[in-house]
Amino acid sequence: MIKSRYKKVTLKEIVSDMHQGINTAADKVDYASSGIPIIQSRNFTSGVLDLDETKFIGIEDEKKYGEKYKPRKGDVLFSNIGTVGKSVVIEVEKDFLFAWNVFLIRPKSAHLYSRYLQNYLNYLLGINFYERWFTGGTVKFLNKKTIAEFEIPLPPLAEQQRIAAILDAADSLRQKDQQLV
């Protein structure tokens, strides 16, 4: 990893909430032809939230699960099962819930900027960091205890915002270059 002049803290120290999504199989969630979308990690593998091709849950399940499994603006969703390591920041609040293969990370806004966290998680993905922590047999999996112990360099909030802006701009240029090719 890159050496940092900033103090490293564990993720659990700088977030207010972390948990997996609804286990639709174990909880026997009833899908509906319309209603509230329930997203999976495949809905953000490109780094952007795509609500196309989602399943829906009915009104009763929405009432049962809505509060805990509805992300808020600034939350980071992280794929922790299967295709591990993809993430997206919730930029605007929308009505949807998230499934078991998605992990919600809610930063304490006074300490951790969501876009900085997403960029750091992407960095860890790029260096294959997650692979050493997988559990499970056939399907790769990162559990809450493992994710909570990830160390992250923590610059002051203004510096996090500056770093994220630079990395986001670089990523945007990279994407434009790929479109030109």
Side-chain angles (χ1 to χ4, degrees), residues 1-18 21 37-54 70-99 101-134 140-142 146-181:
M1 279 209 207
I2 296 174
K3 294 202 183 226
S4 174
R5 61 186 163 127
Y6 302 112
K7 174 183 149 188
K8 285 190 175 185
V9 297
T10 60
L11 200 51
K12 69 182 175 188
E13 295 175 79
I14 52 176
V15 301
S16 61
D17 194 9
M18 315 173 56
I38 183 163
I39 66 157
Q40 298 175 321
S41 60
R42 69 177 174 197
N43 296 104
F44 58 86
T45 54
S46 66
V48 176
L49 185 61
D50 180 2
L51 294 179
D52 292 340
E53 298 183 33
T54 57
K70 181 181 178 186
R72 300 181 199 155
K73 182 178 179 182
D75 287 349
V76 176
L77 300 181
F78 177 79
S79 60
N80 71 314
I81 300 174
T83 305
V84 175
K86 300 291 185 171
S87 62
V88 67
V89 174
I90 303 302
E91 300 290 349
V92 293
E93 291 199 29
K94 294 184 179 186
D95 271 345
F96 70 89
L97 304 178
F98 58 100
N101 66 346
V102 177
F103 197 85
L104 177 132
I105 304 170
R106 183 166 291 145
K108 292 179 183 174
S109 59
H111 302 287
L112 181 60
Y113 182 55
S114 299
R115 301 289 302 169
Y116 174 79
L117 174 59
Q118 182 191 26
N119 279 294
Y120 191 73
L121 294 171
N122 288 341
Y123 162 71
L124 295 178
L125 177 63
I127 63 168
N128 298 317
F129 173 82
Y130 304 121
E131 303 212 358
R132 69 183 101 172
W133 304 106
F134 288 150
K140 299 184 244 179
F141 179 81
L142 287 177
T146 300
I147 295 169
E149 294 298 327
F150 288 167
E151 287 189 331
I152 181 169
L154 194 65
L157 200 54
E159 184 72 4
Q160 292 176 42
Q161 293 167 336
R162 188 182 74 75
I163 291 167
I166 291 167
L167 294 172
D168 288 345
D171 187 50
S172 178
L173 285 173
R174 219 178 353 267
Q175 289 176 16
K176 287 177 185 175
D177 283 350
Q178 286 182 341
Q179 288 174 354
L180 288 173
V181 172

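Residue indices begin at 1 and follow the sequence shown.
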Could you grab the distance from atom CZ of Phe98 to atom CG of Leu104, nearest 0.5 Å is fine?
4.5 Å
Value for CG (Asn101) from NZ (Lys140), rounded to nearest 0.5 Å, stands at 13.5 Å
Kindly give the heavy-atom pair with the smallest separation between Leu154 and Tyr116, and that separation in Å.
N-OH, 4.5 Å
NZ/NE/NH1/NH2 to OD/OE distance under 4.0 Å, Glu91 and Arg115
yes
For the side chain of Glu13 and the backbone of Thr10, is there at least one donor-acceptor N/O pair under 3.5 Å apart?
yes
Closest non-hydrogen atom pair between Pro71 and Arg106, with its separation
CA-NH2, 4.5 Å
Quick one: CG on Leu117 to CG on Leu112, what's the gap to the nearest 0.5 Å?
5.0 Å
For Asp95 and Lys70, work out which heavy atoms get closest and say how close.
OD1-NZ, 2.7 Å
Note, Asn80 side chain near Phe141 side chain (heavy atom, < 4.5 Å)
yes
Can you confirm whether or not the ring centre of Phe150 sits under 6.0 Å from the ring centre of Phe129?
yes
Say you draw a straight line from CG of Asn43 to CZ of Phe96; how long is it, rounded to the nearest 0.5 Å?
9.0 Å
Can you tell me if Glu151 uses its side chain to pair, donor with acceptor, with the backbone of Lys8 under 3.5 Å?
no
Could you walk me through whether Val76 and Val15 satisfy the side-chain contact (heavy atoms from CB on, under 4.5 Å) test, starting with their C-alpha distance in whole Å, then the side-chain angles of each, then the deciding distance to 0.1 Å, before giving a yes or no?
CA-CA 10 Å; Val76 176; Val15 301; over 6 Å; no
Pro107 and Gly74: which non-hydrogen atoms are nearest, and at how many Å?
CD-O, 3.6 Å
In terms of side-chain geometry, is the basic nitrogen of Glu93 or Arg72 positioned less than 4.0 Å from the acidic oxygen of its partner?
no
Distance check, rounded to the nearest 0.5 Å: Leu142 atom CG versus Ile147 atom CD1?
5.0 Å
Taking the six-membered ring for Trp and the full ring for Phe, Tyr or His, determine whether the centres of Tyr130 and Phe78 are under 6.0 Å apart.
yes
Heavy-atom pair of closest approach, residues Asn122 and Ser87
OD1-OG, 3.4 Å
Given the rule in the side-chain contact (heavy atoms from CB on, under 4.5 Å) test, do Val9 and Ile152 qualify, once you have shown the distances and angles that lead to the verdict?
CA-CA 6 Å; Val9 297; Ile152 181 169; 3.9 Å; yes
Measuring from Ile166:CD1 to Asn119:CG, what's the distance to the nearest 0.5 Å?
10.5 Å
Any donor-acceptor pair under 3.5 Å linking the side chain of Ser79 with the backbone of Gly85?
yes
Locate the shortest heavy-atom distance separating Gly47 from Val88; write the atom from each residue and the value.
O-CG2, 3.5 Å
Can you tell me if Gln161 uses its side chain to pair, donor with acceptor, with the backbone of Tyr113 under 3.5 Å?
no
Around Lys108, counting heavy atoms of other residues, nucleotides and ligands shown, do more than 12 lie under 6.0 Å from its NZ?
yes
Check the pair Tyr123 / Leu167 against side-chain contact (heavy atoms from CB on, under 4.5 Å), numbers first and verdict last.
CA-CA 11 Å; Tyr123 162 71; Leu167 294 172; over 6 Å; no
